[in-house]
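The next block holds one structure in the form of structure tokens; read it before the comments.
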Amino acid sequence: MKQTTQEQLNGPKEHAAWLSAKANWIRLSAMTMTNHARLGHTGGDLSSADILATLYMGQVLKVDPGRPLWPQRDRFVMSKGHCSGAFYSTLALRGFFPLSQLKTFMDPLSMLNGHPDRNKLAGVEANTGPLGHGLPIAVGMALAARMRKESWRVFVLVGDGELQEGSNWEAAMCAQQYELDNLIVIVDRNRIQQGDFTESTICMEPLADRWASFRFEVKEVDGHDHLALLQTFASLPVVTGKPTCLIAKTIKGKGVSFAENKPAWHHGVPTKEQLDQASRELGVEVTW
Amino acid sequence: MVSAAIQGNQEAEKQQLFDCRDAYAKALEDMAANDARVSVVINDSLSSAKMKDFKTKYPERFVNVGIAEQNMVGVGNGLANGGMIPYLCGASCFLTARAMEQVKVDLAYSKANVRICGMSSGMAYGQLGPTHHSIEDMAWMRVLPNMTIIVPADPVETAETMRYSLEHTGPMFLRISRIPVRKVHGDDYKFELGKAVVLREGNDVTLIANGVVVSRSLDAADALAKLGIQARVLNMSTVKPIDRESIVKAARETRGIVTAEEALAAGGLGGAVAEVLALEYPARMRMIGLPDTFAPTGTAEFLLDHFGISAEGMTKAALELVRNEA
Ligand SMILES: Cc1ncc(C[n+]2csc(CCOP(=O)(O)OP(=O)(O)O)c2C)c(N)n1
Ligand SMILES: [Mg+2]
């Protein structure tokens with residue numbers, strides 16, 4: 001797929017609209033994959049699509065699909081690896097592998113495993129799936145950049161329920177101790193985990209204060225607002241010597257009326273009819 | 001001991017498939033009704049651990065720690081200390097791998113009266129991949145002193161082992177699958193810890209299996225019988241303490257032993273049987289399970305066949321033994 005750069009577009013509004021269309025394509029692509037595999041995580045795919053589109057299609061991440069292991073690349077860790085549908089769709093859209101490969105999602109012997117495997121797919125940095133692994137890995141990547149005197153940055157996307165895993169907070173303490181201002185944690189704050197809303201399971205509030213107390217610089221933005229996301233990503237590091245936490249306020253199931261804000265759609269599988277409805281609501285079509 | 005295996009007159013009923021999680025969940029609710037110490041801890045696993053009804057009926061004996069398995073196991077120790085009998089119910093991969101040191105220290109070393117109900121063990125999560133497979137749990141759990149390990153084969157045995165778990169003292173790991181299985185035990189089956197169940201007599205070769213693989217081993221015995229080979233089939237549902245006597249007896253009376261399991265064979269049931277044989281009665285054997293590898297992408301059924309954890313795989317291995325092939 002040919003890349004359209006920000007400069008080729010007329011202005012920020014057009015750019016946001018373009019990103020929004022990309023994000024909706026990722027949404028429908030992920031749902032189509034889930035429909036095919038009869039397995040997947042629709043809710044979290046949809047809530048993170050705008051963040052993924054902004055990072056990869058908005059040219060935030062310095063990555064090169066032609067050289068996926070280019071040493072100076074920015075690192076992106078998809079810690080909420082269960083949302084592989086959205087992640088794979090984004091990587092394919094960005095050109096890391098052919099779009100047609102998305103057809104093989106979870107098929108026998110497919111490279112597109114239910115959870116990402118870096119030994120199988122270009123662009124995947126970390127094998128995730130068990131929650132609470134991404135941030136420690138990202139801290140290591142940020143430390144490596146420092147040791148090697150390189151300027152790459154590390155982005156890690158975590159779920160809000162995922163933050164109930166203690167490993168995240170061990171990593172957070174380490175990040176602030178080493179003043180890792182090349183690290184940004186993006187929290188997909190959709191307020192729903194697997195079985196229920198986060199606040200009626202193990203409440204995560206006051207989430208911003210918690211990160212601040214771990215000495216992260218905290219930004220709260222609308223996780224579906226591409227311009228706001230771009231703005232935050234453009235201002236990194238927000239404070240020199242401090243890791244950043246971006247709390248992206250999102251809606252689980254965003255963009256598809258029947259899935260929005262419904263815990264049951266955490267791993268809901270859309271029917272063919274629901275796919276058609278999603279296509280109409282998102283205003284996109286997927287043919288890969 | 002020969003279980004009253006279901007006779008082959010009602011073919012349809014014989015082929016009916018069950019999700020053992022239903023039997024475990026029902027057993028837990030029944031036990032809670034009669035014993036106020038029975039309590040449940042989950043890790044955001046309400047549906048996958050089938051604990052919705054338990055939560056509704058016994059909310060005061062139900063804890064959801066969120067996505068936090070290390071905390072979950074520690075909480076289990078504390079509940080047991082306070083006189084409760086906690087059942088920790090969640091995906092086997094996270095309960096064992098993630099919380100392994102807590103399992104070692106808080107449960108095994110501490111001899112805490114806690115039951116781990118590892119859901120969807122083995123490769124039941126199929127396409128979700130090796131992060132969600134629990135093929136290492138047998139080896140990890142088996143090396144822990146004081147740990148009791150049970151791998152039920154069908155819904156009847158699942159319910160029976162749950163019932164038994166209330167009488168048991170000390171930590172216990174129960175492996176509960178979601179892969180549909182048919183019944184291999186009669187409804188009058190009684191579980192006995194550390195005793196292999198002879199599901200089929202035979203003196204040519206022995207098939208030892210547990211969990212979802214048991215019904216496949218019965219199919220292998222059928223296939224072998226057609227070739228004139230009588231296979232003994234042992235359901236080794238207790239992996240620890242292992243039934244040394246049945247293993248040695250099988251080695252003495254048959255021409256070789258095939259173990260089959262839905263786990264890494266090294267360190268698992270295969271490893272356990274091999275250890276007994278090496279020390280007490282060296283015999284020819286084949287170990288079927290995962291070799292030293294993580295699984296590729298595929299459904300559980302696909303992966304079981306892929307690794308030869310199937311009637312065909314067991315038949316082939318048994319033939320090698322009786323024909324004296326290398
Ligand atoms: C260690 C671990 N425990 C349990 C699970 C099972 N699980 C998969 S997704 C999920 C909920 C995740 O919620 P959240 O982090 O909020 O993700 P999102 O809402 O973005 O989908 C759970 C409990 C897991 N993957 N890893
Ligand atoms: Mg969430």
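Heavy atoms from other residues, nucleotides or ligands lying under 6.0 Å from CD of B:Glu101 number 12 at most. For A:Lys120, the NZ atom sits in a packed shell: over 12 heavy atoms of surrounding residues, nucleotides or ligands are nearer than 6.0 Å. Around the CG atom of A:Asn119, the shell of radius 6.0 Å holds more than 12 heavy atoms that belong to other residues, nucleotides or ligands. Counting non-hydrogen atoms of other residues, nucleotides and ligands closer than 6.0 Å to NZ of B:Lys104 gives a total of 12 or fewer. Enclosure of atom CZ in B:Phe294 is not indicated, since only 12 or fewer non-hydrogen atoms of other residues, nucleotides or ligands lie within 6.0 angstrom. A:Lys262 NZ: more than 12 foreign heavy atoms inside a 6.0 Å radius. Counting non-hydrogen atoms of other residues, nucleotides and ligands closer than 6.0 Å to CZ of A:Arg210 gives a total above 12. Under a cut-off of 6.0 angstrom, the local environment of OH in B:Tyr109 is sparse, with at most 12 non-hydrogen atoms contributed by other residues, nucleotides or ligands.
Of all heavy-atom pairs between B:Thr297 and A:Asp107, the closest is CG2-O, 3.3 Å. Here the closest heavy-atom approach between residue A:Asn113 and residue B:Pro130 is recorded as ND2-CD, 4.0 Å.
We find the NE2-OG distance between A:His267 and B:Ser48 to be 7.5 Å, quoted to the nearest 0.5 Å. Here the CG-CD1 distance, from B:Asn43 to A:Ile202, works out to 11.0 Å after rounding to the nearest 0.5 Å. Here the straight-line distance linking atom CG of B:Asp44 with atom CD of A:Glu162 works out to 12.0 Å at 0.5 Å rounding. To the nearest 0.5 angstrom, B:Thr131 atom OG1 is 8.5 Å from A:Asn127 atom CG.
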Steps toward side chain to side chain contact (heavy atoms under 4.5 Å, CB included) verdict (B:Gln127, A:Ser110): CA-CA 9 Å; B:Gln127 310 94 300; A:Ser110 167; over 6 Å; no
Step-by-step side chain to side chain contact (heavy atoms under 4.5 Å, CB included) determination, B:Asn71 to A:Gln164: CA-CA 10 Å; B:Asn71 182 36; A:Gln164 291 160 4; over 6 Å; no
CA sep, side-chain torsions, deciding dist, call: B:Phe94, A:Leu131, side chain to side chain contact (heavy atoms under 4.5 Å, CB included): CA-CA 9 Å; B:Phe94 310 129; A:Leu131 299 164; over 6 Å; no
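Counting heavy atoms from C-beta on, the side chains of A:Ser167 and B:Arg98 come closer than 4.5 Å.
Counting only distance, with no hydrogens or angles, the side chain of B:Asn64 and the backbone of A:Thr201 share no donor-acceptor pair below 3.5 Å.
Neither the backbone nor the side chain of B:Leu46 comes within contact range of chain A, judged by heavy atoms closer than 4.5 Å. With a 4.5 angstrom heavy-atom cutoff, A:Leu39 touches chain B only via side-chain atoms.
Put simply, of A:Pro130, A:Gly81, A:Gly40, the one with the most heavy-atom pairs under 4.5 Å next to chain B is A:Pro130. Comparing A:Gln194, A:His115, A:Met106 by how many heavy-atom pairs each has under 4.5 Å with chain B, the most go to A:His115. Among B:Ala295, B:Gly129, B:Gly298, the residue with the largest count of heavy-atom pairs under 4.5 Å with chain A is B:Gly129.
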